[in-house]
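This is a predicted model, so every value here is computed, not measured.
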Amino acid sequence: MQFKAPKGTTDILPDVARRWQYLEHKAIELFSIYGYEPIVTPMFEHTEVFLRSIGISTDIVQKEMYTFADKGGRSLTLRPEGTAPVIRAYVDHNMNQLPQPVKLYYTGPMFRYERPQAGRYRQFWQMGIEAIGSDDPAIDAEAILLMINYFKSVGLKELTLYINSMGCDEDRPVYIRLLKDYAEENREKLCRDCQKRIDLNPLRLFDCKEESCQLVMKDAPKIIDYLDKECKAHFNKVRQYLDTQGIAYIIKPELVRGLDYYTKTTFEVVSPFLGAQNAIGGGGRYNKLVEEFGGPPTPGIGFAIGTERLSIAVEREGAFLSIDNKMDVFVAVPDEAARSTAINLLSALREAGISSDLDYMGRSLKGQLKYADKRGFKYTVFLGSRELESGEVVVKNMETSEQLEVPLKELVDKLSEILGRPGAVARVKGPGTGVQG
Ligand code: AMP
């Protein structure tokens, strides 16, 4: 019986996994430069964590959560996103006592029961940051700048940044009333889900994927036109900071981003190299979320980048640097007599930081070389009884086929030198290794 990975999930095989590691490494490097520290939260939470934060009437909560009862009868949910767990942890660990803002980053898989398609999966990876404790518009601009700079650092050039402001408690009620009236007037043109949204949570009307609903919502009143004085000033400041840093953006008044917790700034970056699922990252401010989890009033802002979509965009833009995935040295062992020495040599090479391997399948010398060729090694070293006797081994450059003879006891140093690994001084001590220093 053979099994496939569950629908909406994929196995990330070495070639792609290596690219992801590179993308993650670059992200961590840059997040750290901007003052963010790592946090790791559980992959599942009490279901209530997401109900409270993402919102009962959102698509995520209504349709997409992997919720289950554990053997203790608790309702748990595989995290559909990273912000709510981080804020839950912030409150749980009294991080409001720490110097503010608390700046955290995370990477890891998220789970949403969505209809799978290119760029949309049921398990997908995100890399995200949260800056908790400050309402300063400079930190909104910083988060946006960080995301853009990260994308640039991995070679993306063609990006579009959308921004919006979702207002706050002061300006929402007036706006929501207007939005409701508008939706009510257009009720028959909306899908059944949207008709329910009119009463439940009219802001969610903007999330609908139905074309007919999107057409109606195009002409709906937009919150950005109803911001109160404070929210307007905040948004203008964010724009000003972006302008002075030379960051181009488009204001997109319908950008409400599918989650209830957003206040003030929201933003999203799309790539022209992706199809319908073209958002590679997005985020926003959530000034009520800490309170939702029982903490003191504390503003916050964050974003998340989708690793799959990012990886596809970087690939399509031709921006992946050629990642050197060749092993350094293959130790070919023509006859059994030299195997034990070869195994010791392998250890010495590895201790010196030289990636190396030998045959474990009982192949003939010809078979070993074929394998080495397929797998991709920079050098092959031949170590048989003849070499043991003479104390000289042949090192072959697999690219140029050039060969050179090296005394066995100098081999590790010589290879370190050729491969540019200075400081490699590891030695294998013991009888018969021939590689003592
Ligand atoms: P969100 O948490 O919805 O704000 O999403 C942030 C980013 O995660 C998006 O811009 C996407 O790049 C990525 N993303 C969200 N949902 C999925 C999904 N189902 N499959 C793949 N990537 C996703």
Side-chain angles (χ1 to χ4, degrees), residues 30-31 33-36 83 100-101 103 105 128-153 156-176 178-179 203 206-207 217-272 278-289 297-305:
L30 201 64
F31 294 168
I33 288 173
Y34 279 70
Y36 291 83
T83 301
Q100 306 290 301
K103 296 170 101 177
Y105 74 78
I129 58 116
E130 314 293 346
I132 312 155
S134 167
D135 189 43
D136 186 345
I139 213 158
D140 301 44
E142 181 191 279
I144 294 170
L145 186 73
L146 170 52
M147 184 147 92
I148 297 285
N149 279 350
Y150 170 62
F151 289 145
K152 284 187 186 156
S153 81
L156 292 185
K157 290 188 202 83
E158 296 194 39
L159 299 167
T160 306
L161 165 66
Y162 293 109
I163 62 169
N164 189 26
S165 175
M166 302 271 301
C168 50
D169 278 354
E170 280 64 44
D171 43 38
R172 284 262 177 101
V174 179
Y175 168 70
I176 294 292
L178 285 168
L179 181 59
L203 263 181
F206 288 104
D207 297 329
M217 296 314 288
K218 242 187 155 73
D219 295 327
K222 305 289 166 16
I223 184 136
I224 199 156
D225 298 321
Y226 297 90
L227 298 180
D228 75 352
K229 219 166 130 201
E230 201 267 320
C231 287
K232 202 178 224 164
H234 192 276
F235 189 55
N236 285 339
K237 263 287 194 219
V238 175
R239 292 184 55 188
Q240 200 182 319
Y241 286 126
L242 292 176
D243 291 340
T244 50
Q245 306 243 27
I247 302 291
Y249 55 84
I250 296 171
I251 296 174
K252 187 175 179 184
E254 54 278 5
L255 185 70
V256 299
R257 298 203 24 77
L259 304 151
D260 273 358
Y261 55 61
Y262 285 123
T263 55
K264 294 185 175 169
T265 315
T266 52
F267 56 100
E268 192 160 272
V269 171
V270 305
S271 161
N278 61 355
I280 43 176
R285 186 165 270 294
Y286 43 78
N287 285 357
K288 309 291 287 179
L289 199 49
T298 310
I301 182 162
F303 68 66
I305 292 166

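Taking OH of Tyr162 as the start and CD1 of Ile250 as the end, the distance is 5.0 Å to the nearest 0.5 Å. Rounded to the nearest 0.5 Å, atoms OG1 (Thr266) and CZ (Phe235) are 7.5 Å apart. From Ile301, atom CD1 reaches atom CG of Leu289 across 12.5 Å, with rounding to the nearest 0.5 Å. Interatomic distance, SG of Cys168 versus CD of Glu230, reported as 6.0 Å (0.5 Å rounding). Distance check: Lys152 NZ to Leu145 CG gives 8.0 Å after rounding to the nearest 0.5 Å. Rounding to the nearest 0.5 Å places CG of Leu203 at 5.0 Å from CE of Met166.
By the 4.5 Å heavy-atom criterion applied to side chains, Leu255 and Ile163 are not counted as neighbours. Within the 4.5 Å cutoff, no side-chain heavy atoms of Val256 are placed close to those of Ile223. The closest side-chain heavy-atom distance from Phe31 to Leu146 is below 4.5 Å.
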Identify all side-chain donor-acceptor contacts of residues 132-143 below 3.5 Å with residues at least two apart in sequence or on another chain.
unit_1 : atom_1 : unit_2 : atom_2 : d
Ser134 : OG     : Asp136 : N      : 3.0
Asp135 : OD1    : Lys264 : NZ     : 3.4
Asp135 : OD1    : Arg285 : NH1    : 3.4
Asp135 : OD1    : Asn287 : ND2    : 2.9
Asp135 : OD2    : Lys264 : NZ     : 2.8
Asp136 : OD1    : Ala138 : N      : 2.8
Asp140 : OD1    : Arg285 : NE     : 3.2
Asp140 : OD1    : Arg285 : NH2    : 2.6
Asp140 : OD2    : Thr265 : OG1    : 2.6
Asp140 : OD2    : Arg285 : NE     : 3.0
Glu142 : OE2    : Tyr36  : OH     : 3.4
Glu142 : OE2    : Lys103 : NZ     : 3.0

Inset, instruction - For the pair Val269 and Leu156, evaluate side chain to side chain contact (heavy atoms under 4.5 Å, CB included) and give the outcome as yes or no after the intermediate values. - result: CA-CA 11 Å; Val269 171; Leu156 292 185; over 6 Å; no

Inset, instruction - Decide side chain to side chain contact (heavy atoms under 4.5 Å, CB included) for Thr83 and Tyr262; before the verdict, give the C-alpha distance in whole Å, the side-chain angles of both, and the deciding distance to 0.1 Å. - result: CA-CA 11 Å; Thr83 301; Tyr262 285 123; 5.6 Å; no

Inset, instruction - Would you please test Met217 and Asp207 for side chain to side chain contact (heavy atoms under 4.5 Å, CB included) and show each step? - result: CA-CA 10 Å; Met217 296 314 288; Asp207 297 329; over 6 Å; no

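The two residues Pro221 and Tyr175 come nearest to each other via the heavy atoms O-OH, 2.8 Å. When every heavy atom of Leu30 is checked against every heavy atom of Asn149, the shortest pair comes out as CD2-C, 3.9 Å. For the residue pair Lys222 and Glu254, the shortest heavy atom distance occurs at CE-OE1, 3.9 Å. Gly282 and Arg257 get closest at one heavy-atom pair: C-NH2, 3.4 Å.
By the 30° and 60° cut-offs, the orientation of the rings of Tyr286 relative to Tyr261 is perpendicular. Between Phe267 and Phe303, the angle of the ring planes goes over 60°, which puts this pair in the perpendicular group of the 30/60° scheme.
Counting only residues at least two apart or in different chains, side-chain hydrogen bond (donor to acceptor under 3.5 Å, both in side chains) contacts with residues 236-251 comprise Arg239-Tyr249, Asp243-Tyr249.
For Lys252, the NZ atom sits in a packed shell: over 12 heavy atoms of surrounding residues, nucleotides or ligands are nearer than 6.0 Å.
Side chain of Asn164 to main chain of Pro253: a donor-acceptor pair is present (N/O by atom type, distance under 3.5 Å, no hydrogens or angles). No side-chain donor-acceptor contact under 3.5 Å links Asp171 to the backbone of Leu227.
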